[in-house]
Amino acid sequence: MKSVLALLMATSALSGNLPAYAEDLTDPRQIVNLLPAERVWMLGEMRTNLSTISAILTALSSGNADQARNAALDRGTVRLNDPERKKISEKAPDGWKPLSKNTHKDFDSIAESIGAGAPQSQTLSQLGKLMQNCVACHAAYRVSENH
């Protein structure tokens with residue numbers, strides 16, 4: 001897989017299809033400076049969000065709505081009370097905060113919809129909306145270690 005990615009990047013570079021920031025090797029995203037332990041925590045949270053989205057999709061595809069609902073609930077606004085999150089939130093740029101909060105609210109909405117028996121097409125649409133938060137955040141910010 002890595003070799004395919006390298007080949008695609010090389011081909012894109014030769015054809016001039018790389019984004020502007022890749023050409024001058026700068027990253028235009030805003031840096032969020034965190035201590036090493038905070039960075040590990042935040043990256044773990046993001047990976048858990050992705051794992052949860054995968055678990056929701058897998059559960060829905062096998063007809064297990066309860067499992068999908070419980071997975072979504074676990075990543076909902078209950079996560080906003082985590083003391084580590086509050087500490088990191090104080091360091092984060094103002095634009096990051098609503099993206100994070102909305103992501104967890106979206107998990108709650110997904111759980112509510114599943115619990116109410118909403119059609120899978122609605123849940124999939126909600127998952128797409130949630131993923132837009134992820135895309136927007138990763139396009140705007142990058143985490144860096146502040147030693």
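Computed over heavy atoms, backbone and side chain alike; hydrogens, waters and symmetry mates excluded.
- With respect to Arg85 and Glu45, a salt bridge is recorded, a charged nitrogen being found less than 4.0 Å from a carboxylate O.
- For the side chain to side chain contact (heavy atoms under 4.5 Å, CB included) with Leu130, the qualifying choice from Ile110, Thr52, Asn102, Ile56 is Ile110, the only one to do so.
- Of the possible donor and acceptor atoms, none in the side chain of Ser54 sits under 3.5 Å from a partner among the backbone N and O of Leu50.
- Residue Leu99 holds its CG atom at 5.5 Å from CG of Asn133, rounded to the nearest 0.5 Å.
- Under the 3.5 Å distance criterion, the side-chain polar atoms of His104 are matched with a main-chain donor or acceptor of Arg75.
- Taking hydrophobic clusters as Ile, Leu, Val, Met, Phe, Trp and Tyr residues chained together by side-chain heavy-atom distances below 4.5 Å, Val143 does not share a cluster with Val40.
- Placement of Leu43 and Tyr141 within a single hydrophobic cluster is found when ILVMFWY residues are connected by side-chain heavy-atom separations under 4.5 Å, directly or transitively.
- Residues Met46 and Met131 do not share a hydrophobic cluster, defined by chaining ILVMFWY side chains whose heavy atoms lie under 4.5 Å apart.
- When every heavy atom of Ser109 is checked against every heavy atom of Gln126, the shortest pair comes out as O-NE2, 3.4 Å.
- Side chain of Ser100 to backbone of Lys97: no donor-acceptor contact under 3.5 angstrom is found.
- The same ILVMFWY cluster, assembled from side-chain heavy atoms under 4.5 Å apart, contains both Ile114 and Leu127.
- The distance from atom CZ of Arg142 to atom NE2 of His138, rounded to the nearest 0.5 Å, is 14.0 Å.
- Between the side chain of Gln120 and the backbone N or O of Leu60 there is at least one donor-acceptor pair closer than 3.5 Å.
- For the residue pair Ser113/Gln122, the side-chain donor-acceptor check at 3.5 Å is satisfied.
- Heavy atoms only, all atoms of each residue included: Arg69 and Gly115 are closest at CD-CA, 3.7 Å.
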